[in-house]
There are 2 protein chains.
Amino acid sequence: MSRTTIHDIAKELNTSPSTVSKALNDHPSISAATKKLIKETAQNLNYRQNRLASSLRSGRTNIIGILIPSSDIGFFGAVVHGIEKVARANGYNILLFQSNETGEYEVEGVETLLQTSVDGIIASIAKDTPNLDHFYYVKKRKVPLVLFDRTKDELGAPSVVVDDYKGAFMATEHLIQQGYTQIAHISGPQHIKIFNDRLCGYVDALKMNNMEVDEDLIQYGRNSIESGRFSAERLLSRNKGMDAIFAVEDFTALGALQYFKQEGIKMPGEIGMIGFGNESFSPYVTPSLSTIDQQPARMGEEAFTLFLEAMAKKAAGTEETELVTEPKKIILDPVLIVRESSVMTVMA
Amino acid sequence: MSRTTIHDIAKELNTSPSTVSKALNDHPSISAATKKLIKETAQNLNYRQNRLASSLRSGRTNIIGILIPSSDIGFFGAVVHGIEKVARANGYNILLFQSNETGEYEVEGVETLLQTSVDGIIASIAKDTPNLDHFYYVKKRKVPLVLFDRTKDELGAPSVVVDDYKGAFMATEHLIQQGYTQIAHISGPQHIKIFNDRLCGYVDALKMNNMEVDEDLIQYGRNSIESGRFSAERLLSRNKGMDAIFAVEDFTALGALQYFKQEGIKMPGEIGMIGFGNESFSPYVTPSLSTIDQQPARMGEEAFTLFLEAMAKKAAGTEETELVTEPKKIILDPVLIVRESSVMTVMA
DNA sequence: TTGAAAGCGCTAACAG
DNA sequence: CTGTTAGCGCTTTCAA
């Protein structure tokens, strides 16, 4: 009454378990006839492979571990979706672990994934990870590691990120092309790389278009709705004739939007606005928010592809212990999403 | 140079693998002294358990399979987050599978989860599942199955859902309490149970408050922004003095909101509005949308608890093959979220 | 092309 | 309290 095993099938057909195993795995050394016979019998006996046993023996699980801060964050939910899609198509499944932005959980997660003998790990690093020892350990154990979005170059792992600099440049240039001339920027904490990158993109876009960079038009907030409101108020009070804002995140842009609306300022018209991140709410606010999309699903797909490459390299037995080649880094192009908040003229 | 096993530890200490295994698992029959010694040695030798081997032998993986339409949908991302949190606290990990609303993938998912010997499955059924054979098979294999949100009573599995009727009742009653007197409802396709439940909640709330139910004030849409706009237009054209709308979903409410805004109708004031679902955009639209929250995280937690109970029951060896007791069904209370769109007076 | 034998790393009876 | 033995179900040499 227990599950049928390859032994049962072998017994039924007066053959051996090893032959059954090979037949079921389409091993070339088995004749087409026996394969057919065995597969049919397997079906009849309602056989299902025990993946644990198979994995224990073969050393491969066809499971990859995913470590993200939280599936509750839209961005990560979308990335996971992207990974799972491609993974499935390649015969892999996904073991999910969430760090909740906690270093402690992250360490635990890596540990668990490793114990489960996942074939590889795709991770986005938690904000407050104290150190990277657990990730170094993954590398030491020769388990392919791929990072996305929240990456660390020091780890020497292949990674996929979006080009923040370019996204910011695109956003700013879009405002310029719309005809805005006094473009402000609400930035975030500069010690976080992506915020600094976006600031640079903004500055360079202005310079490239022969526009002046006015420090008074740059605010350093803490990326929240509140901070967006506050920064908008400050910018307005400067009275510099500001006519557009590029905000470092959609939430920041939203705060500014709310403030201007409260003050009865027309958008677009008096002030144009663009955000960053394409949050789920941004199409639905009034005016709908122009923004930069980070292509989360695409990011997940690319991350999985990098994992496959790492596997292939491992299988090929690249023995040189520590390859000197730089790990591959995929930099995705961000996508400009134009909505109402940034257009000068009424949209067609 | 390969991974250390319990054999290595045993050899190191001149003891046996079984003793090491027991010590590491805190088996009561091992003295505190040897436990300490063995654990220290394990640490020194950098030992990590091979969960595959352990699972193969013990028959337990401490992994539960989760089957959802897509982690890209905010609601499911939140549920998964809820499950993972409690699961982790109880020593379980999560194998995630997405059906993408496809029956085919759903079948494949169940198959894979079963092959991986997950200890249980928590699932939300895909929209277009042609039949439920795969879920019946799970039951036949005696693998604990818990359903949430998209459930099927016929399966006889414990489940957790939100009380749609009650949520609709609460939403409608809230509008009544605000002082609205001509309350319309935009519903969805009636063959889908939750939409019909919500309609009933609306109707009953009116009746209980001695208000007339006017069929002209009920629209049957297809739950989309477009359909919300369209229904709003129709309702307005009826000219029945409608002063509030309860919409079956936030997206529908949003569509109506957009239409009224376009028509220059004040909200709240001329028309009050409440939705259902607490979508991520609803706090941020103008006016911010009152709605009914479905408690996704809570739902995940309860689902996992049901799984634990099922495990306990299985362990206790409830032998009566087919227990006649009804499977437990947890019905969560929805939560009323009051925002700007529904209040009569300006909020304090 | 098939089969016999060994063993992946661990746990669980049972005996001592 | 500790050790011996057996085996979970599968894959994989190697020999036939």
Side-chain angles (χ1 to χ4, degrees), chain A residues 1-39 41-42 45-63 91 112 114-119 141 315, chain B residues 1-39 41-42 45-63 91 112 114-119 141 315:
Chain A
M1 168 62 235
S2 71
R3 273 170 80 170
T4 35
T5 71
I6 52 174
H7 281 87
D8 301 326
I9 300 176
K11 204 170 289 172
E12 182 80 13
L13 295 174
N14 273 320
T15 178
S16 73
S18 65
T19 305
V20 174
S21 170
K22 284 175 198 153
L24 257 20
N25 289 312
D26 269 327
H27 192 101
S29 79
I30 302 290
S31 74
T34 26
K35 269 185 192 168
K36 184 156 175 283
L37 185 63
I38 287 177
K39 283 183 181 173
T41 319
L45 295 181
N46 199 20
Y47 168 81
R48 320 277 162 134
Q49 186 191 47
N50 182 329
R51 293 232 279 160
L52 292 179
S54 166
S55 297
L56 176 60
R57 185 62 240 257
S58 70
R60 299 181 67 234
T61 52
N62 272 40
I63 293 176
T112 306
L114 250 25
Q115 284 183 8
T116 313
S117 309
V118 293
D119 288 349
R141 280 272 296 276
Chain B
M1 167 61 234
S2 71
R3 274 171 79 169
T4 36
T5 72
I6 52 174
H7 281 87
D8 301 326
I9 300 176
K11 204 171 290 174
E12 182 80 12
L13 296 173
N14 273 322
T15 177
S16 73
S18 69
T19 305
V20 174
S21 170
K22 284 177 200 151
L24 257 20
N25 289 313
D26 270 327
H27 191 103
S29 78
I30 301 290
S31 74
T34 25
K35 269 184 191 167
K36 184 154 173 285
L37 185 62
I38 288 176
K39 284 182 180 172
T41 319
L45 295 180
N46 198 21
Y47 169 80
R48 319 276 162 134
Q49 187 192 46
N50 182 330
R51 293 232 279 160
L52 291 180
S54 166
S55 298
L56 177 60
R57 185 62 240 253
S58 70
R60 300 181 66 235
T61 52
N62 272 39
I63 293 177
T112 307
L114 250 25
Q115 284 182 10
T116 314
S117 310
V118 293
D119 288 348
R141 280 273 297 275

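Everything numeric here is computed off the predicted structure, so don't read it as measured data. Per chain, numbering begins at 1; letters A, B, ... match sequence-line order.
Whole-Å rounding puts the A:His7 NE2 to C:dA6 C1' distance at 12 Å. As rounded to whole Å, 14 Å separates atom C1' of D:dT11 from atom CG of A:Asn62. Distance CZ (A:Arg48) to P (D:dC8): 21 Å, rounded to an integer number of Å. Going from atom CG of A:Leu52 over to atom P of C:dG9 covers 15 Å, rounded to whole Å. One can place CZ of B:Arg60 at 13 Å from C1' of C:dT11, the figure rounded to the nearest angstrom. Taking atom CZ on A:Arg57 and atom P on D:dC10, their separation rounds to 13 Å, with Å as the unit. Rounded to whole angstrom, the span from the NZ atom of B:Lys22 across to the P atom of C:dC14 amounts to 13 Å. Rounded to whole Å, atom P of D:dC10 lies 18 Å from atom NE2 of A:His27.
Here C:dA4 is the nucleotide among C:dA4, C:dT1, D:dG9 with the atom lying nearest to any side-chain atom of A:Ser16. Listed nucleotides C:dT2, C:dT11, D:dT4 differ in distance to B:Ile6; the shortest reach to its side chain belongs to C:dT11. Set against C:dC10, D:dT12, C:dC8, the side chain of B:Tyr47 has C:dC10 as its closest nucleotide.
Side-chain N/O atoms of A:Ser54 and base N/O atoms of D:dT11 include no donor-acceptor pair closer than 3.5 Å.
Separating the OG1 atom in B:Thr15 from the CD1 atom in B:Ile6 is a distance of 10.5 Å, to the nearest 0.5 Å. The CD1 atom of B:Ile30 sits 10.5 Å away from the CG atom of B:Leu24 when rounded to the nearest 0.5 Å. Note that CG of B:Asn50 is 11.0 Å distant from CG of A:Leu114, once rounded to the nearest 0.5 Å. Atom-to-atom distance recorded for B:Arg60:CZ and B:Asp119:CG is 5.5 Å, nearest 0.5 angstrom.
Listed pair B:Thr19 / D:dG3 meets the phosphate criterion, a side-chain N or O lying under 4.0 Å from OP1 or OP2. Residue A:Thr15 places no side-chain N or O under 4.0 Å from the OP1 or OP2 atom of C:dT2. Between A:Ser29 and C:dT2, a side-chain N or O to OP1/OP2 separation shorter than 4.0 Å is absent. For A:Asn50, no side-chain nitrogen or oxygen approaches OP1 or OP2 of D:dC8 to under 4.0 Å.
At a threshold of 4.0 angstrom between heavy atoms, the contacts of B:Thr34 are confined to the sugar-phosphate backbone, with no base atom among them. Contact annotation for A:Ser18: base contact, defined as any heavy-atom pair under 4.0 Å involving a base atom. Residue contacts for A:Ser21: at a heavy-atom cut-off of 4.0 Å it reaches a base atom on one of the strands shown.
When atom types are taken as modelled, the side chain of A:Ser21 and the backbone of A:Pro17 share no donor-acceptor pair closer than 3.5 angstrom.
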